[in-house]
Amino acid sequence: MRDDVYISLFRVLDSEQQIITRTDQKAFTMLSLMGVFMVFFLVHFTKIQINWFNFSMLILYLGAALLALIQLIMVIHPRIRKAENREDLPEINATYFGGITRFKSAAEYGKYLRKIMEDDTRAYTMFANQVYSVAQINKYKYGHMQAAIKSFAVAIISELLIVMSVAYSRSLPFLFGN
């Protein structure tokens, strides 16, 4: 029974960690796309004839692009709150980077981990807490990623509307004369 429980926990933990990796990759890809679209926009910014429509789309674009950038940064560098102290958890969480680096050597870390693993309840609680914490990180990242996608879409649509407006205003004299 013990091995089955740990195997299940490790599978869930691995799945949650893969979700974190994919979310980070999506955020970096969206940041790159934002950069490409912003450079494209800046190159053509001087060609924009300011009218009320273009001005309002420009304000919408800048606000949405800024919001998308902030949301993407929150995905890449989440603000995580420290979990409340619980009496059933070990004094050092040996499954997290912060806990692992508190040991002076790998041997000391191994000895501590062996001690924790001897008590099934403490070991299970420690790993269950890690799975729960990683899932909370995923929830946080997912929320910011969804907001970033929506803001990105608004920014791109407003940028395309500005480009269409500029193209229309520049081609109008050629199509219909003066």
Side-chain angles (χ1 to χ4, degrees), residues 9-86 89 93-102 126-176:
L9 271 176
F10 284 130
R11 283 187 180 154
V12 172
L13 181 60
D14 183 54
S15 173
E16 290 295 321
Q17 289 172 334
Q18 286 179 11
I19 291 170
I20 285 176
T21 302
R22 286 194 306 267
T23 303
D24 287 344
Q25 289 172 341
K26 289 176 188 176
F28 282 117
T29 300
M30 281 188 63
L31 271 174
S32 298
L33 284 172
M34 286 287 298
V36 167
F37 277 98
M38 286 180 157
V39 167
F40 173 77
F41 185 76
L42 289 173
V43 166
H44 298 287
F45 180 74
T46 58
K47 299 173 187 165
I48 297 174
Q49 295 174 344
I50 298 298
N51 57 35
W52 283 109
F53 176 77
N54 287 345
F55 179 74
S56 59
M57 287 296 110
L58 180 63
I59 296 299
L60 182 63
Y61 168 75
L62 293 173
L66 181 63
L67 187 59
L69 288 173
I70 290 169
Q71 294 296 331
L72 289 170
I73 289 169
M74 296 301 283
V75 170
I76 294 167
H77 186 69
R79 294 178 47 143
I80 305 302
R81 291 176 281 142
K82 185 172 171 58
E84 69 278 352
N85 291 334
R86 292 178 33 195
L89 289 176
N93 191 339
T95 60
Y96 281 109
F97 173 76
I100 295 168
T101 57
R102 290 175 60 185
M126 182 176 67
F127 282 104
N129 183 58
Q130 182 184 14
V131 169
Y132 179 80
S133 296
V134 172
Q136 291 298 315
I137 293 169
N138 277 336
K139 179 182 173 187
Y140 177 90
K141 285 178 170 259
Y142 179 79
H144 285 287
M145 190 67 188
Q146 292 303 310
I149 289 169
K150 290 173 186 170
S151 298
F152 179 76
V154 169
I156 297 307
I157 289 170
S158 60
E159 181 177 355
L160 291 175
L161 287 172
I162 292 170
V163 169
M164 289 170 53
S165 172
V166 169
Y168 175 76
S169 65
R170 291 202 177 243
S171 63
L172 192 61
F174 294 108
L175 295 174
F176 301 108

Problem set entry | Over all atoms of both residues, closest heavy-atom pair of Pro78 and Lys141 | CG-CE, 3.9 Å
Exercise. Roughly how far apart are Leu72 CG and Ile149 CD1, rounded to 0.5 Å?
Worked result: 8.5 Å
Exercise. Would the number of heavy atoms belonging to other residues, nucleotides or ligands and lying under 6.0 Å from OH of Tyr132 be above 12?
Worked result: no
Exercise. CE of Met164 to CD1 of Ile157: how many Å apart, nearest 0.5 Å?
Worked result: 11.0 Å
For this session: Provide the closest heavy-atom pair for Met38 versus Ala65 in the form atom of the first, atom of the second, distance.
Result: CE-CB, 3.5 Å
Problem set entry | Validation row: Thr23, Tyr142 side chains within 4.5 angstrom (heavy atoms) | no
Exercise. Do the side chain of Ser15 and the main chain of Arg11 share a donor and acceptor less than 3.5 angstrom apart?
Worked result: no
For this session: For residues Gln130 and Glu16, determine if any side-chain heavy atom of one lies less than 4.5 Å from a side-chain heavy atom of the other.
Result: no
Seminar exercise, completed: Paired with Asn54, the side chain to side chain contact (heavy atoms under 4.5 Å, CB included) test is passed by just one of Ile48, Leu161, Ile59, namely Ile48
Problem set entry | Shortest non-hydrogen contact between Ala155 and Ala64, atoms and distance | N-CB, 3.7 Å
Problem set entry | Min side-chain heavy-atom separation Ser32-Val36 under 4.5 Å | no
Problem set entry | Leu58 CG to Ile50 CD1 distance, which is reported to the nearest 0.5 Å | 6.0 Å
Exercise. Between atom CE of Met30 and atom CG of Leu69, what is the distance when rounded to the nearest 0.5 Å?
Worked result: 9.5 Å
Problem set entry | Ser169 OG to Lys47 NZ distance, which is reported to the nearest 0.5 Å | 12.5 Å
For this session: Would you give the length of the straight line joining atom CD of Gln71 to atom CD of Gln146, rounded to the nearest 0.5 angstrom?
Result: 11.0 Å
Exercise. Are Ile156 and Leu33 side-chain neighbours, meaning at least one heavy-atom pair lies under 4.5 Å?
Worked result: no
For this session: Indicate the ring-plane relationship of Phe37 and Phe152, choosing parallel, tilted or perpendicular according to the 30° and 60° boundaries.
Result: perpendicular
